[in-house]
Engineer: 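Could you have a look at this structure, given as structure tokens, before my questions?
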Number of protein chains: 2
Amino acid sequence: MLVGAWTCLDRFYDGVMVQMKPWVEIAEELRREIGRGVYGPGERLPSGTDLMSRFGVARQTVQNAMDQLRAEGLVSSVAGRGWFVAERKPIVRLARNRLSKAERTEGRGTFLSDAAAGKWQPAVTVEVRREQAREDVRSYLGLAADQDHEVVVRDRVMRADGEVVQLAVSYLPAEIAGGTRLEEADTGPGGAYARLEELGFELTHFTEVVSARSPRPREAELLRLPLGFPVLQVIRVAFAGDRAVEVNYMTMGGERYQLVYQIDAG
Amino acid sequence: MLVGAWTCLDRFYDGVMVQMKPWVEIAEELRREIGRGVYGPGERLPSGTDLMSRFGVARQTVQNAMDQLRAEGLVSSVAGRGWFVAERKPIVRLARNRLSKAERTEGRGTFLSDAAAGKWQPAVTVEVRREQAREDVRSYLGLAADQDHEVVVRDRVMRADGEVVQLAVSYLPAEIAGGTRLEEADTGPGGAYARLEELGFELTHFTEVVSARSPRPREAELLRLPLGFPVLQVIRVAFAGDRAVEVNYMTMGGERYQLVYQIDAG
DNA sequence: GAGTGGTCTAGACCACCCA
DNA sequence: GGGTGGTCTAGACCACTCC
């Protein structure tokens with residue numbers, strides 16, 4: 001950072017003069033320029049070398065600024081080519097009123113009905129195993145804490161047009177799902193929920209718990225998330241009356257997805 | 001990184017030998033040790049200098065590893081003291097079935113009823129202004145795109161026990177809110193929704209759009225979020241019949257909050 | 001082969017904390 | 001004052017892309 005530039009770039013904040021970090025300043029400046037249309041969508045930004053000399057900083061400092069802009073979704077990068085103003089990404093809207101019986105009996109799982117709503121090619125790889133229920137799983141399923149409980153685990157990687165878009169791990173009490181079609185990779189038409197109803201568990205309602213977090217490195221790699229991109233986590237519990245029959249941990253790229261819920265005033 | 005350690009630490013992944021980045025390895029190792037209980041909650045981790053010599057890497061590499069663990073919420077840091085295994089943070093569960101008429105007529109806004117459910121002291125600072133509606137605001141409010149629309153903007157910073165926990169900016173058509181109590185800082189008992197109903201807009205339902213993203217630097221500062229912590233964004237639209245009467249952009253720290261939705265099977 | 005983004009190193013400085 | 005986390009610099013190397 002040029003010494004002269006420092007004083008210019010500092011800010012009054014709540015009446016106090018604050019020295020901004022250099023990379024924050026650089027990110028702000030570039031954000032402004034992108035907003036002003038100096039660089040249009042898809043266009044290449046100045047190279048690292050250019051920005052180093054323009055702002056008078058080291059390579060790593062420029063990198064930090066770009067990491068921030070990328071985390072904000074404003075910029076994407078291709079190693080060996082450059083930084084680019086992000087194209088408006090197609091946003092996938094998942095309406096949460098699609099857990100209807102109609103869909104289930106129509107022969108679709110929830111992911112597949114999302115795919116039908118959009119126009120992308122769905123693909124799912126499934127791995128089924130058994131485990132002792134973790135503490136949080138026990139708690140969501142309402143299983144007693146004082147004894148061990150076996151659960152059927154369905155670990156799924158979901159792809160849209162070949163690209164991994166969602167990870168989902170669901171847990172069903174072995175007492176319910178053991179030895180049934182729910183323990184096979186392909187649960188058949190209508191998906192797991194249809195099978196549960198055939199087993200006599202008529203689904204009455206669902207609870208979804210939504211939070212945001214940073215991805216574990218493995219998740220970031222699978223979901224091809226650039227560094228710093230958050231994920232949305234949805235934990236859905238399916239109830240048959242008072243009984244919780246399934247808990248499903250879903251993870252998806254945060255900014256590409258929007259979950260839409262409708263709430264009645266009553 | 002010790003040269004010898006490299007080969008040991010590499011991984012088979014989908015049958016292919018992959019060289020892991022050093023900082024990812026270090027983060028994984030420390031994550032394992034925390035999980036195994038080598039360092040208990042609240043305990044201090046080895047210092048930067050210790051970790052540098054233990055793993056044979058530079059200071060910045062250790063820093064990157066700790067940044068990741070902190071983004072995951074496993075570790076917190078105090079400059080001048082050290083890195084600490086994060087205490088189990090109290091998680092705030094926001095049930096989304098609290099938009100009931102009962103709450104409104106009982107004299108509480110939504111934030112205040114959340115506070116009553118928990119046991120924290122709420123405080124809100126409000127700034128009211130007028131603006132031309134942005135494109136996205138127009139779209140949410142269902143206002144025609146071909147002409148200008150003025151909106152009343154209520155910009156709020158919400159604190160729980162003095163700590164900033166949520167930012168909320170809501171937009172109401174000036175046509176509805178202009179000159180009413182909705183344009184004052186204090187909207188009075190029951191909050192904005194109660195005033196809207198008094199104005200003859202009986203609220204029928206709400207739509208919430210949930211997504212996760214990286215905070216802008218200003219948000220990170222206000223919410224005291226460490227670098228890399230994602231935020232949850234909820235955009236709520238209030239409807240009176242077919243007419244959208246308010247859109248509210250809410251931002252909150254991602255991992256501390258869980259939004260709970262209930263969905264009926266129908 | 002030249003240029004690019006990405007990462008690691010080594011060394012420096014700062015603000016902060018604690019004895 | 002010595003240790004700590006956090007940041008910036010300068011220089012190096014790698015894998016990649018494009019010519």
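Each chain gets a letter, A, B and so on, in the order the sequences are listed, and its residues count up from 1.
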Engineer: Kindly say if A:Asn64 contacts the phosphate of D:dT7, meaning a side-chain N or O under 4.0 Å from OP1 or OP2.
Structural biologist: no

Engineer: Give me the residues of residues 76-84 of chain B where at least one heavy atom lies under 4.0 Å from an atom of DNA chain C, by number, or none.
Structural biologist: B:Ala79, B:Gly80, B:Arg81

Engineer: Checking B:Gln132 now: which residues fulfil side-chain hydrogen bond (donor to acceptor under 3.5 Å, both in side chains) with it, not counting sequence neighbours?
Structural biologist: none

Engineer: Rounded to the Å, how far apart are B:Trp23 CH2 and C:dC8 C1'?
Structural biologist: 13 Å

Engineer: Measuring from the side chain of B:Thr61 (C-beta onward, heavy atoms only), which nucleotide among D:dC8, D:dT7, C:dT9 has the closest atom?
Structural biologist: C:dT9

Engineer: State which residues pass side-chain hydrogen bond (donor to acceptor under 3.5 Å, both in side chains) with B:Arg213; sequence neighbours excluded, sorted by chain then number.
Structural biologist: B:Glu219, B:Gln233

Engineer: Between C1' on D:dG5 and CE on B:Met52, what's the gap in Å once rounded to a whole number?
Structural biologist: 12 Å

Engineer: Between N or O atoms, less than 3.5 Å apart, protein on one side and nucleotides 11-13 of chain D on the other: list the pairs.
Structural biologist:
none

Engineer: Apply side-chain hydrogen bond (donor to acceptor under 3.5 Å, both in side chains) to B:Arg36 and list each qualifying residue two or more places apart in sequence or on a separate chain.
Structural biologist: none

Engineer: By the definition side chain to side chain contact (heavy atoms under 4.5 Å, CB included), identify the one residue from B:Asn248, B:Val151, B:Val153 that meets it with B:Ser170.
Structural biologist: B:Asn248

Engineer: Closer than 4.0 Å, any side-chain N/O of B:Arg70 to the OP1 or OP2 of D:dG6?
Structural biologist: yes

Engineer: My understanding is that only residues two or more places apart in sequence, or in another chain, count here; which of them pass ring-ring contact (aromatic ring centres under 6.0 Å, His included) with A:Tyr39?
Structural biologist: none

Engineer: Could you list the residues that satisfy side chain to side chain contact (heavy atoms under 4.5 Å, CB included) with A:Gln60, not counting sequence neighbours?
Structural biologist: A:Gln63, A:Asn64

Engineer: B:Leu51 has an atom CG; how far is it from atom C1' of D:dG6, in whole Å?
Structural biologist: 15 Å

Engineer: Starting from C1' on D:dC8, measure out to CE on A:Met66 and report it in whole angstrom.
Structural biologist: 18 Å

Engineer: Starting from C1' on D:dC14, measure out to NZ on B:Lys21 and report it in whole angstrom.
Structural biologist: 13 Å

Engineer: Is a donor from one side chain sitting under 3.5 angstrom from an acceptor on the other, for A:Glu131 and A:Tyr171?
Structural biologist: no

Engineer: Just to verify, what does A:Asp136 make a side-chain hydrogen bond (donor to acceptor under 3.5 Å, both in side chains) with, not counting sequence neighbours?
Structural biologist: A:Arg134, A:Tyr249

Engineer: Figure out the CD/C1' separation between A:Glu25 and D:dT7, and round it to whole Å.
Structural biologist: 15 Å

Engineer: Of all the choices, D:dG5, C:dT9, D:dT9, which nucleotide is nearest to the side chain of B:Gln63 once you look at every atom?
Structural biologist: D:dG5

Engineer: List the residues meeting side chain to side chain contact (heavy atoms under 4.5 Å, CB included) with B:Met158, not counting sequence neighbours, and say none if there are none.
Structural biologist: B:Phe111, B:Val124, B:Arg156, B:Gln166, B:Ala168

Engineer: Rounded to whole Å, please give me the gap between CG in A:Asp50 and C1' in C:dA2.
Structural biologist: 14 Å

Engineer: Between atom CZ in B:Phe55 and atom P in C:dA10, what is the gap in whole Å?
Structural biologist: 16 Å

Engineer: Using only side-chain N and O atoms of A:Thr49, determine if any of them is under 4.0 Å from OP1 or OP2 of C:dG3.
Structural biologist: no

Engineer: Taking only the side-chain nitrogens and oxygens of A:Ser47, find out if one of them lies under 4.0 Å from OP1 or OP2 of C:dT4.
Structural biologist: yes

